[in-house]
Structures are given as structure tokens and as C-alpha cells.
K.L.:
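Got a structure for you, questions after.
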There are 2 protein chains.
Amino acid sequence: MAADTATPSAQFDAAPLTRAATMRDVAELAQVSIASVSRVLNGLGVTSDATRQRVMDAVDQLRYVPHFGARSLSTSRIDTIGVILPDLFGEFFSELIRGMDLAARGHGQHLIISSSHDDAKDTLAAVRSMSGRVDGVIFLSPHVAAANLATEFAGRMPVLLMNAGAADAGRPAIVIDNHGGAVEAVQHLIATGRRRIAHIRGAAGNTEADTRAAGYLAALGGQEPVLVEGDFSQASGHRAATQLMALPEPPDAVFAANDMMAVGALLAFQEAGVRCPQDIAVVGFDDVPIAALVRPALTTMRVNIAEIGRRGVERLIRMVQAGQNAQPADTFCEVVRPVLVERQSTAAASTAAVNKG
Amino acid sequence: MAADTATPSAQFDAAPLTRAATMRDVAELAQVSIASVSRVLNGLGVTSDATRQRVMDAVDQLRYVPHFGARSLSTSRIDTIGVILPDLFGEFFSELIRGMDLAARGHGQHLIISSSHDDAKDTLAAVRSMSGRVDGVIFLSPHVAAANLATEFAGRMPVLLMNAGAADAGRPAIVIDNHGGAVEAVQHLIATGRRRIAHIRGAAGNTEADTRAAGYLAALGGQEPVLVEGDFSQASGHRAATQLMALPEPPDAVFAANDMMAVGALLAFQEAGVRCPQDIAVVGFDDVPIAALVRPALTTMRVNIAEIGRRGVERLIRMVQAGQNAQPADTFCEVVRPVLVERQSTAAASTAAVNKG
DNA sequence: CTGTTAGCGCCTTCAG
DNA sequence: CTGAAGGCGCTAACAG
């Protein structure tokens, strides 16, 4: 181990703290040219072992860190991707970022994020403030029409849409297969012997709600639809379930458009003495953590959020690289299928009896 | 292919898509000097209305966006703060980022985050890859000792610690008052008439667990301590509760070191026919969303995570600014107190009878 | 293998 | 009020 503070030879560099060390400082200390320093640092070109060693020593001693802005200026690379998010639900948000960050890091990219944008104006401002410092943007805000984006970014930087409803925007997108997921949920209920399946849907006008409801209707087969509207909140699920129980011909199964409403419904049934899954089966959507914690544990359609985030980042990186090579962009829409997670809330009649806690 | 480098001025802006517009392009289009463009864009110096207008028009037309790297190079500012996180629990993560992002945006700063670092090596790599592109770093990883950080960053850039246990690192920090929170939780149980209070603690060695357990012991007063160890998971809470019920003298109240263990305990009591809050009261810690959804709803110590994130960012920004003015750094430890949220799980005997669903 | 030399895009004195 | 010119730190040709 060498001396800590500066105590070099002839010339005194006793005050390196005044200013961040620069490549030139390293070059001087190592007695080489700055070009050599650059080569060593970037592993490009060829350098003698001796030179490399001297440079590395100097770097350590000076605690040199390359100036990002300068590098970016001369390479015209940013190695950063931006993510613009709406006001997202806890678990979703963190899982998404986890997946994105993992992928980004794996590709030597940084992630700069801007969250909680609940109106179009706000969102657009975030986008603007990002441009110039990111190679591309991933977009999850449902508040800005794809059209706005198109004009804002036309030919400027790659944009990947991941908002629900971006399916046919004619731009690169990754979306969750809400329709397919709903179909599978209903089919599962049918397969486990349920004969009167209701749907607690999300608010009309919400793309996700609409698509899931459409899937429900499509999968019903000959059964008569029973629809109640909620708003994705637990309370609305509770209310909806109460309505369902009051029907002259109550259902023996419920497909809720998301887990929170399903949980609300479970509580309502419990309070009313309606047993789940014996008297009524319940399926949710999303597989939020609480789905596994409620009793009975909730069967649901799991959306692998982290995976979606990872895919998004990798896709965007490809787009960025393609853009640099002036290759034609891929503007198709990638679809992610939710998978069924079976738990107690839809156990079939025979096994249902076993349900205890 | 075609190397049409020179595009004489007489022509208009037919092909600006080849390359991002630069300040020089704007200057030419607006028929002014680069300096004027800079003045207009930054609102510095003085410019005639006419000039300003011409510049703005050109900016719009060219969709000019300043090159971040170039600006950063000449101003030696980054306007970005880095956040390094461990593998965080869903809700905590998202709330924290929400608060941070809000504060950062309010100060014209960007947030670059790196998450899911579960070992020291990984964490350090993340830190390194950030240095040079952030003005300062907020640190939440418990895996890297403050000492490592100190040497890694000594005098280079401001670092704010927000990991549990950073209280006496002698560096700027913001921590949650785990001890005080635990004390308040226990006092609440005492105040509502409980006379034998057990604690389900987190794993020994975990700073948070240790501190909360210490708070429990300190608040007990004359009561005899009853300690069971868990690991912050719901399952461990379930096991711990089972152990407690098997005691010759079972407790009439439980303070769990976090909500997930409290939920596990609630389920265990429920399965065993032990009524909450009539037979036993339960308090958690954190106030995760599920705390309000379980039945009975869980009394807990709420930690305002978003607020902590906001504070952290604002503090770091102050540190950055102070550092630029070479002012003495504030290296004290800021403490955030959790607040008690009363729900059904600790209702006193008299009101407990009302509890129904 | 190594050093010299232009810029990258922008800000900022300093003259006019 | 405006323009010209130098430099921020780094990379990437191009000579030696």
C-alpha cells in the first residue's frame, strides 16, 4: 500500500481535491500522452504492459473518473434510456423497474426514470426534459396519445410504448394480452365445473377494463353474461360482490378484472357467509402479492412484470442500435401472455371440501 | 454511401433528419450568432425581442434540443442524482422513488437509479458506473459498510446514506426511528390495557430487527419480555404466533417487527380460533397496503416512505450546492419518526365486541 | 506501440 | 445589444 495523500516527487500535486482529476492529469502523472490513457481506459488499440500499468496506477492514485459529458460529447453516445411512468401501483412499479434495471445494467446502460405523471402536460414536460440526455424512451403513460408522441419525437429518438391500448398505434410496443388472459381465466372456471360465471369489470372507457371484459364475453361460450362494473379498487369489488349475491340467480363463479376487486369480493362473500370456493369461485388478474396471502388464496392471471420490463429495455436497445445503422425500425406490437396461477379460491367441488384455513 | 457532407446554405431545411440539430444550425437559420442562441436559450444576458423571436422560431422549426453532454462539459454541471438500492420490497421501493422523483423534478434534477444490488461487489460496481455522471448519490444498500463508501468517495461527491444502521456512521444520513417506533407501538398496547406483550422480532444481526427489539424491551416497563424470532416473512410470523399460543402463559398482545409477520400471526390466530383483538391484540410496523386489507385491519407504525425519499433528495441537493461553494458539509443524521395508525387489531376490550368484519 | 492534433456542442469572456 | 474566439474533457484519426 502506498502513501494516501499526495506526496509525489518534484512537483507538488498536493491539492487534487480542488478539481476533479482529468485525463490530462493522469497522463502527466503516468508520463504518457493522453491518447495512451484513453487507449488503456477503453481497452482499444494496443498498449504495452508497462504503459498500461503506469496509467492504471495514476488512475488509482488520482481516483480518476472519466467525465461522462465529455465522453458523450465526443462519442455522441449517451448509454442511457429514459422511462416515463404514470402514477403506478406499488408492486407493479417496483417489479417493472427491477426488470428494466437488470436488463439495462446487463447492456451497460443507465436508467433515468420519471414517475407519477398523471396528466398529459406533465408527461410531455418530462419527455422534453429527457430529450438530449437519453438514447431512447420507454413510455407507460396512458395519458398521452400515441399521436402526440409521434409528432414530438418524429425521427428524433426511438420510443417504445408499453401503455395498455398501444397495440394498434402503429409504433413499437409491448402490451399485456388482456384479452387472452381473460379468456383463460374464464375457461379455467368453466373447466372446474362452474356454470354461471359473473364478471366484475373495471370502469368503462379504461382500455384494460374493456379488453378484459371483451375476453370474458368471448370465453363464455353458451353461458349468459353477468356483468357488474367496478373501478379496480377493493371497495368497488366489495360492492359488486354484494350486488351479485342479491341477484335472483346468483353466480357460482366470479372473474374480477383485477386482484384488488377480487379481494374485495372475497371479503364480501365471507361477511355474507357465502363460502369460497364451495359456493362460489373467484379469479383475479395481476397476481399482486396479496393474492397469495388472502384466505382462501386467490387464483389469478399472473403478469410477469419484471420480465416485461426486461423485454422492453432490450427491445429499445435494439431499436437504438438499429437507428444508428439507419436500418428500418420494427414497429410491431409484442404481446405478453399472462399465466394462470391456481390457488384455493377456484378449487373444484371435490377438493373444495378440504379447504379449511 | 453517398457522402453529401456539404449542403450549401441557399437550400432550406430539407434534410435535417440525418443528424440532430445543433446550436449552430439554429444560429444559421435565425441569422444570428451562436452566442445569441445560447443567450436566448438560457435566458442570460440581454437580447432584443426580435432576436429572441427569430431564435425561438428556428428552435421550433429544427426541433432543436440541447446536447446534454456538451452542456454538461462546459458548465461542469450534471443535474442528476444517483440512487442505489438493494433488492427492495415492492411497496417500499415504489413509494421511495415516487417521493424522490417528485423532489428531484421540483429542483430540475434527474434521477438515475440502479436497483436490486444484493451484495457488496455488485453495489460497488453500480457506484463506480455512476460516478462521473451524477452530482451525488443516495445510498440504501445495507451491504456496503459506510467505511468502504468513505474511501470510495472521499471528497469526490456527496453521498447520503439512507440505510438502516447508518445512524452513527459520522456521515450525512437519514434513517427511520426504529427504536422510537417500537416504543410507541408497545406503549399503545399498554395504554389499551394489554398486560402481557410478546414481540416477534426480525432475524438477529439485522440492524432494523435489533433496533426494534431494543425499543420493545425499553418500553415494556415492568412487564416480562416474551421474544420469538422471525425473519420478516409472513411464514415466520405464522410460526412465531404458533409458538406463542403454545406457551404456558400466552400473551394477550403481540408486537411484530413488521407487517408481514403480523399478518402471518393474524392468520395463525384465526386458524387456531384465537380471536383478535378480543383475545389478543396485534401491532405491526411499516403500514404496507395489506395492513389495511386484512381482517381485522392491522394497527401499525406507519413510515411515510415517499416523504423520506423527498427529504433525501432535497438534502442531497443541498449538499451538492454546499459542496460547490466549498462550505462545510453537514454530516448529521436526520431521523424520521413513524406514526401510529390505529385499526381494529388493537381495539380495546370494550370496543372489541363491536368488531364484526 | 506512442504522441499530436482536430474537433464533438455548448457556454462565456471580451471586443465591437 | 451582438459576434468572434477559446476552452471544457474526451475520442479518434493520423503521423512518427
Side-chain angles (χ1 to χ4, degrees), chain A residues 16 18-56 58-59 62-79 108 131-135 156-157 324, chain B residues 3 5-6 16 18-56 58-59 62-79 131-135 156-157 324:
Chain A
T18 313
R19 154 182 80 77
T22 172
M23 233 173 73
R24 197 213 215 80
D25 300 326
V26 175
E28 282 177 8
L29 215 189
Q31 307 267 45
V32 297
S33 73
I34 62 173
S36 292
V37 176
S38 177
R39 283 187 203 103
V40 171
L41 260 43
N42 296 304
L44 301 175
V46 245
T47 42
S48 72
D49 286 357
T51 300
R52 187 188 344 278
Q53 195 53 54
R54 288 225 302 285
V55 169
M56 293 311 263
V59 165
L62 264 36
R63 307 197 132 268
Y64 166 77
V65 175
H67 186 296
F68 163 70
R71 167 175 286 170
S72 161
L73 181 55
S74 52
T75 60
S76 71
R77 275 175 19 194
I78 315 268
D79 287 344
S131 46
R133 42 192 310 159
V134 295
D135 294 318
R156 305 187 60 55
M157 86 175 78
Q324 287 172 347
Chain B
T5 41
T18 314
R19 152 183 79 78
T22 172
M23 232 173 74
R24 196 215 214 77
D25 299 329
V26 175
E28 283 178 6
L29 215 187
Q31 307 268 43
V32 296
S33 72
I34 296 182
S36 293
V37 177
S38 176
R39 283 187 203 103
V40 171
L41 261 41
N42 296 304
L44 302 174
V46 240
T47 42
S48 72
D49 286 358
T51 300
R52 187 184 351 273
Q53 195 51 57
R54 289 227 300 284
V55 170
M56 294 311 265
V59 166
L62 263 37
R63 307 198 131 264
Y64 167 77
V65 175
H67 186 295
F68 164 70
R71 165 175 286 169
S72 160
L73 181 55
S74 49
T75 61
S76 71
R77 275 177 19 195
I78 315 269
D79 287 343
S131 47
R133 42 191 310 158
V134 296
D135 294 317
R156 306 187 59 53
M157 89 174 76
Q324 286 172 349

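Letters A, B, ... are given to chains in the order of the sequence lines, protein chains preceding strands, and every chain is numbered from 1.
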K.L.:
Residues in salt bridge (Lys or Arg N to Asp or Glu O under 4.0 Å) with B:R54, at least two apart?
P.N.:
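Testing B:R54 for salt bridge (Lys or Arg N to Asp or Glu O under 4.0 Å), a comparison that skips the adjacent residues, returns none.
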
K.L.:
What's the shortest heavy-atom distance between A:S131 and B:V65, and which atoms?
P.N.:
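Taking every non-hydrogen atom into account, O-CG1, 3.1 Å.
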
K.L.:
Across the strands shown, which category fits A:S72 at heavy-atom distances under 4.0 angstrom: base, sugar-phosphate, nothing?
P.N.:
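Since no nucleic acid heavy atom lies under 4.0 Å of A:S72, the category is nothing.
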
K.L.:
In whole Å, I'd like the distance from the CG atom of A:N42 to the P atom of D:dA13.
P.N.:
13 Å

K.L.:
Could you work out, with side-chain hydrogen bond (donor to acceptor under 3.5 Å, both in side chains) as the rule, every residue matching B:S74, not counting sequence neighbours?
P.N.:
none

K.L.:
Might you work through the side chain to side chain contact (heavy atoms under 4.5 Å, CB included) test for B:V134 and B:I78, ending with a clear yes or no?
P.N.:
CA-CA 6 Å; B:V134 296; B:I78 315 269; 5.5 Å; no

K.L.:
Could you check how far CZ of A:R77 sits from P of D:dC10, rounded to whole Å?
P.N.:
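Value for this atom pair: 15 Å.
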
K.L.:
Nearest heavy atom decides the nucleotide; on that basis, is B:R52 or A:P66 closer to the 5' end of DNA chain D?
P.N.:
B:R52

K.L.:
A:T75 side chain to A:R71 main-chain N or O, any donor-acceptor pair under 3.5 Å?
P.N.:
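Side chain of A:T75 to backbone of A:R71, a donor-acceptor pair under 3.5 Å: yes, one is there.
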
K.L.:
Working to the nearest 0.5 Å, report the span between CG of B:L29 and CZ of B:R24.
P.N.:
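Here the interatomic distance stands at 14.0 Å.
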
K.L.:
Rounded to whole Å, please give me the gap between CD in A:E28 and C1' in D:dG9.
P.N.:
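A:E28 atom CD is separated from D:dG9 atom C1' by 14 Å.
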
K.L.:
Where does the chain A footprint on DNA chain C start and end, counting 5' to 3' with a 4.0 Å heavy-atom cut-off?
P.N.:
C:dC1 to C:dG9

K.L.:
Write out all pairs satisfying salt bridge (charged side-chain N to carboxylate O under 4.0 Å, His left out) with one or both partners inside residues 36-49 of chain A, taking only residues at least two apart or from two chains.
P.N.:
A:D49-A:R52

K.L.:
Going by heavy atoms closer than 4.0 Å, what residues in residues 31-38 of chain B are next to DNA chain C?
P.N.:
B:A35, B:S38

K.L.:
With each end axis built from five pairs of C1' atoms, what bend angle do you get for the helix from C:dC1-D:dG16 to C:dG16-D:dC1? Round to 10°.
P.N.:
40°

K.L.:
Check every strand shown and say whether A:F68 touches a base, only sugar-phosphate, or nothing at a heavy-atom separation below 4.0 Å.
P.N.:
nothing

K.L.:
Could you give the CG-to-P distance, from B:L73 to D:dG7, as a whole number of Å?
P.N.:
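After rounding, the gap between these two atoms is 14 Å.
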
K.L.:
Counting only side-chain N and O atoms of A:T22, is one of them less than 4.0 Å from OP1 or OP2 of D:dC10?
P.N.:
yes

K.L.:
A:H67 has an atom NE2; how far is it from atom P of D:dT11, in whole Å?
P.N.:
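About 12 Å, once rounded to whole Å.
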
K.L.:
May I have the distance from A:I78 (atom CD1) to D:dC10 (atom C1'), rounded to whole angstrom?
P.N.:
14 Å

K.L.:
Do you know the tightest heavy-atom contact between A:S72 and B:G69?
P.N.:
OG-CA, 4.0 Å

K.L.:
Would you sort out whether B:D25 and B:T22 count as a side chain to side chain contact (heavy atoms under 4.5 Å, CB included), showing the intermediate values?
P.N.:
CA-CA 5 Å; B:D25 299 329; B:T22 172; 2.9 Å; yes

K.L.:
Just how far is it from atom CZ of A:F68 to atom CG of A:L73, taken to the nearest 0.5 Å?
P.N.:
10.5 Å

K.L.:
If I compare all heavy atoms of A:T47 with all of A:S36, which pair ends up nearest, and what's the gap?
P.N.:
CG2-O, 4.4 Å

